Amino acid sequence: PEPWRTIIDSSVPQEEPLPGRWDEALDLLQKMLVLRALRPGKIVPAIQAFVRYHLGQRFIEPPPFDLALAYPDSSPALPLIFVLSSGA
């Protein structure tokens, strides 16, 4: 239907209000379920926003890695393994 077209066509559907009374009637978790049904590829940013809202920004940022602190925990039997990847 036409009122939902904005969410379907948006590049940031997780930031769009739901049409009609749905925006006030649903909580954030329920809105994520609707988003997953309409735009499953955009659920990760919505989950990040949910976690940021309820727990804070620090829970969606990876912790800094300190090689000097990690090195003493390693050994020939327990090496440090680095996985390099683009993105994520």
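Worth saying up front: this structure is predicted, and the values here are computed from it rather than measured.
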What heavy-atom pair brings Trp22 and Leu18 nearest, and what distance separates the two atoms? CB-CB, 3.9 Å

Salt bridge (charged side-chain N to carboxylate O under 4.0 Å, His left out) filter on Asp9, not counting sequence neighbours, yields Arg5

Transitively linked via ILVMFWY side-chain contacts under 4.5 Å: Ile47 with Phe59? yes

Test log, rule side-chain hydrogen bond (donor to acceptor under 3.5 Å, both in side chains), inputs Ser10 and Glu16: CA-CA 8 Å; Ser10 176; Glu16 298 289 340; 3.2 Å; yes

If the condition is side-chain contact (heavy atoms from CB on, under 4.5 Å), which residues does Leu33 pass it with, not counting sequence neighbours? none

Can you tell me how far CD1 of Ile7 sits from CD of Glu15, rounded to the nearest 0.5 angstrom? 12.0 Å

Counting only heavy atoms not in Phe82, do more than 12 fall under 6.0 Å of its CZ? yes

Find out whether Asp73 and Leu78 are in side-chain contact, i.e. whether some heavy atom of one side chain is under 4.5 Å from a heavy atom of the other. no

In terms of heavy-atom contacts, Met32 and Ala46 come closest through SD-O, 3.6 Å

Shortest non-hydrogen contact from Asp23 toward Pro17: OD1-CA, 3.5 Å

So does Gln57 get a backbone contact from the side chain of Arg52, meaning a donor-acceptor N/O pair under 3.5 Å? no

Note, Phe50 side chain near Leu55 side chain (heavy atom, < 4.5 Å): no

Under a 4.5 Å cut-off applied to non-hydrogen side-chain atoms, are Leu28 and Tyr53 in contact? yes

Indicate the atoms forming the closest heavy-atom contact of Arg39 with Ile8, along with that distance. NH1-O, 2.9 Å

Are Pro19 and Thr6 side-chain neighbours, meaning at least one heavy-atom pair lies under 4.5 Å? no

In terms of heavy-atom contacts, Pro13 and Lys42 come closest through CG-CG, 3.5 Å

Distance-only, no hydrogens or angles: does the Gln30 side chain make a donor-acceptor pair with backbone N or O of Asp27 under 3.5 Å? yes

